[in-house]
Amino acid sequence: MEEILQKQLMHFQKETFQRDLLEWYRREKRDLPWRKDQDPYKVWVSEIMLQQTRVDTVKPFFNQFIKKFPTIEALAEADEEEVLKAWEGLGYYSRARNLHSAVKEVKETYGGKVPDDPKQLEKLKGIGPYTKGAILSIAYNLPEPAVDGNVMRVVSRILTIWEDIAKPKTRKIFESVIREIISKEHPSDFNQALMELGALVCTPTSPSCLLCPVRKHCAAYHEGVEEELPVKTKTKAHRQVQIAAAVLKKDDFYYIHKRPSQGLLANLWEFPNCETKRGNLSQKKQLEQFLQQEYGIESTIGDLAGTIQHVFSHLTWNISVFFGHVKNDTEMKEINKVTKDEMNQYAFPVSHQKIFSLYQEQS
DNA sequence: GAGACGTGGGT
DNA sequence: TACCCAAGTCT
């Protein structure tokens, strides 16, 4: 750890800080579905869902997921299709596939008990340094750091740490700090209190310092630089992609395609679509050619029915939506034909749910 | 280490 | 409107 930081920590009132923080947490903590007990499986599921995702978004997904898969065994025995369906709309779908895979691993290798050993935990798919620490501290009350964005923001302010939190190696500095200041008696509450403080009081913009239970310990508050911290370098602008998508119908059947098992929206279902390029060929023509060449579908495509934008972290799809009729599918491949009712069993990305809504509005 | 990987909400 | 963000992990 940095020498300056070491010196600062020597003067830090660790015991009173812990007491002030824990007292506030026990008074103010939110009543959340995953705080009803300390079942390691539920802690695990909640921590995966909460990655890069707001509490209010997670709540309904967590309740429904636990109802459907109440135990390790129940989830281990489920089909991936079912698990993805339960995750539909939550985003970052590799989390669902990794969780499913890791739960099967726990059932087979550890007899269905979530490991309380850091070395075993970090081998499981989808469990990185943060989630490992969260499970160890929250489910097993072990004094391990669980450093997420909240903790880096809160701690960077309290100790005026000016390292760039966008850089991966910066997390290690915060883990060292937490090992120094964590409550050995109440590591679970301590870690959760730090995150709760970040969510409710020590917010990214306009933090409520006057309501903060630990402001007397906060160097950034005393120096008036709380808005300058944490330091986080900008991310670059993302790229735009033009897409043409088709809702194809023949008799009572719709045509859907399963995305590849790797990459963006892996293993989710979608309406047939392709990236289009600006040029002499219209989007409609490019789409018809694609459907013929890629999927062996002869179709008649109508005029542009509408557009839908799908913004990801790293790119944007600008989707032109077309409706069409299939003339001949005897040579068809890589496509499932399903009725409207059957479609409910398949997980679609939000943009493709919108595509179908558009279709239903117009027919 | 930088970029991929979703979605919805806040300013 | 156009960012930025929210309990990160994988490649």
Side-chain angles (χ1 to χ4, degrees), chain A residues 29-30 32-35 43-62 84 87-99 101-102 121-135 137-139 145-155 164-172 174-175 178 188 191-200 202-206 227 230 232-241 259-268 270 308-317 347-354:
Chain A
K29 69 175 179 181
R30 290 167 291 179
L32 302 174
W34 44 91
R35 286 183 177 160
V43 171
W44 183 5
V45 170
S46 71
E47 288 305 335
I48 300 295
M49 286 189 169
L50 286 162
Q51 289 170 7
Q52 301 289 284
T53 313
R54 286 186 165 72
V55 163
D56 284 340
T57 305
V58 168
K59 277 183 193 171
F61 282 92
F62 176 83
L84 280 174
W87 212 270
E88 184 185 48
L90 193 52
Y92 285 138
Y93 298 94
S94 67
R95 292 184 297 176
R97 293 184 298 111
N98 288 336
L99 173 64
S101 160
L121 270 182
E122 71 190 8
K123 284 184 194 142
L124 295 169
K125 281 186 184 167
I127 297 188
Y130 164 75
T131 306
K132 174 179 65 175
I135 291 173
S137 61
I138 298 173
V147 175
D148 69 340
N150 282 313
V151 172
M152 289 199 279
R153 182 173 61 258
V154 170
V155 174
D164 180 4
I165 66 164
K167 300 209 178 309
K169 67 176 186 182
T170 302
R171 197 199 65 251
K172 294 189 174 72
F174 288 91
E175 286 177 343
I178 295 298
S188 169
N191 279 346
Q192 291 187 79
L194 236 30
M195 293 188 271
E196 196 81 340
L197 190 68
L200 300 180
C202 196
T203 47
T205 58
S206 30
E227 296 267 27
K232 191 175 185 182
T233 54
K234 303 262 187 291
T235 55
K236 61 164 195 173
H238 64 212
R239 84 176 187 283
Q240 303 281 325
V241 178
R259 295 178 58 82
S261 59
Q262 301 270 311
L264 186 63
L265 302 166
N267 284 358
L268 268 65
E270 64 185 2
I308 283 165
Q309 182 165 279
H310 192 161
V311 179
F312 300 88
S313 331
H314 56 299
L315 61 89
T316 297
W317 282 350
F348 291 85
V350 167
S351 52
H352 284 251
Q353 296 173 32
K354 288 179 181 167

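Numbered from 1 within each chain, the chains take letters A, B, ... in sequence-line order.
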Assign Ile48(A) to base, sugar-phosphate, or nothing according to its heavy-atom contacts below 4.0 angstrom with the strands shown.
-> nothing
Per nearest nucleotide of DNA chain B, the residue lying toward the 5' end, Gly91(A) or Thr205(A), is Gly91(A)
Gln262(A), CD: over 12 other non-hydrogen atoms inside 6.0 angstrom | no
Would you mind classifying the nucleic acid contact of Ser46(A) as base, sugar-phosphate or nothing, using non-hydrogen atoms under 4.0 angstrom?
-> nothing
Any idea which of dT7(B), dG9(B), dT9(C) is nearest the Arg54(A) side chain?
-> dG9(B)
Counting side-chain heavy atoms from C-beta on, which of dA4(B), dG6(B), dG1(B) comes nearest to Lys169(A)?
-> dG1(B)
Scan Leu32(A) against the nucleic acid and name what it touches under 4.0 Å (heavy atoms): base, sugar-phosphate only, or nothing.
-> base
Just by modelled atom types, is the Phe348(A) backbone N or O under 3.5 Å from a matching donor or acceptor in the Gln353(A) side chain?
-> yes
So, is Tyr92(A) near the phosphate of dA6(C), with a side-chain N or O under 4.0 Å from OP1 or OP2?
-> no
Describe the nucleic acid contact of Val151(A) in one word from base, sugar-phosphate, nothing, applying a heavy-atom distance below 4.0 Å.
-> nothing
Choosing from dA4(B), dA6(C), dT9(C), which nucleotide comes nearest the side chain of Pro204(A)?
-> dA6(C)
Take the protein atom CG of Asp56(A) and the nucleotide atom P of dG8(B), then report the distance between them rounded to whole Å.
-> 14 Å
Find the distance Tyr93(A):OH to dA4(B):P and express it as a whole number of Å.
-> 19 Å
Looking at every strand, decide which applies to Lys125(A) at a 4.0 Å heavy-atom threshold: base, sugar-phosphate, or nothing.
-> sugar-phosphate
Name the nucleic acid region contacted by Thr57(A), choosing base, sugar-phosphate or nothing; use a 4.0 angstrom heavy-atom cut-off, strictly under.
-> nothing
Residue whose nearest DNA chain B nucleotide is more 5′ - Pro168(A) or Ser94(A) = Pro168(A)
Without hydrogens or angle criteria, can the side chains of Tyr130(A) and Gln51(A) be said to hold a donor-acceptor pair below 3.5 Å?
-> no
Could you say whether Gly126(A) or Ile138(A) is positioned toward the 5' end of DNA chain C, judged by the nucleotide with the nearest heavy atom to each?
-> Ile138(A)
Got a salt bridge between Glu122(A) and Lys132(A), using NZ or NE/NH1/NH2 to carboxylate O under 4.0 Å?
-> yes
Expressed in angstrom and rounded to an integer, what is the separation of Leu268(A) atom CG from dA4(B) atom C1'?
-> 16 Å
Between dA2(C) and dG6(B), how far is it from one P atom to the other, in whole Å?
-> 24 Å
Base, sugar-phosphate, or nothing for Ile127(A), non-hydrogen atoms under 4.0 angstrom?
-> sugar-phosphate
Under 4.0 Å between any heavy atoms, over every strand shown, what does Trp34(A) touch: base, sugar-phosphate, or nothing? Just pick one.
-> base
Centroid-to-centroid, Trp87(A) to Tyr92(A), below 6.0 Å?
-> no
Which of these passes ring-ring contact (aromatic ring centres under 6.0 Å, His included) with Trp34(A): Phe61(A), Phe62(A), Trp44(A)?
-> Phe62(A)
Contact class for Val55(A) (heavy atom, under 4.0 Å): base, sugar-phosphate, or nothing?
-> base
Classify the nucleic acid contact of Arg259(A) as base, sugar-phosphate or nothing, counting any heavy atom under 4.0 Å across all strands shown.
-> nothing
Check every atom of dG6(B), dT9(C), dG9(B) against the side chain of Phe312(A) and return the nucleotide holding the closest atom.
-> dG6(B)
Can any side-chain N or O of Arg153(A) pair as donor or acceptor with the backbone N or O of Cys202(A) at less than 3.5 Å?
-> yes
Would you mind reading off the distance between Gln309(A) atom CD and dC3(C) atom P, rounded to a whole angstrom?
-> 12 Å
Interatomic distance at C1', dA6(C) relative to dG1(B), whole Å | 23 Å
Figure out the CZ/P separation between Arg171(A) and dT9(C), and round it to whole Å.
-> 8 Å
Value in whole Å for how far the C1' atom of dG9(B) lies from CG of Leu90(A) = 15 Å
Nearest to the side chain of Asp148(A), which nucleotide is it out of dC5(C), dC5(B), dG8(C)?
-> dG8(C)
According to a strict under-4.0 Å criterion, is Arg95(A) in side-chain N/O contact with OP1 or OP2 of dC10(C)?
-> no
Side-chain-base donor-acceptor pair under 3.5 Å for Thr53(A) and dG6(B) | yes
In whole angstrom, what separates Trp317(A)'s CH2 from dG6(B)'s P?
-> 9 Å
Using a 4.0 Å heavy-atom cut-off across all strands, classify Gly89(A) as base, sugar-phosphate, or nothing.
-> sugar-phosphate
If only side-chain N and O atoms of His310(A) are considered, is one of them under 4.0 Å from the OP1 or OP2 phosphate oxygen of dT7(B)?
-> yes
Is any side-chain heavy atom of Arg30(A) less than 4.5 Å from a side-chain heavy atom of Leu200(A)?
-> yes
Can you tell me if the side-chain N/O atoms of His314(A) get under 4.0 Å from OP1 or OP2 in dC5(B)?
-> yes
Which is true for Arg153(A) with a 4.0 Å heavy-atom rule: it touches a base, it touches only sugar-phosphate, or it touches nothing?
-> sugar-phosphate
In whole Å, what is the span from the CG atom of Asp164(A) to the C1' atom of dG1(B)?
-> 13 Å
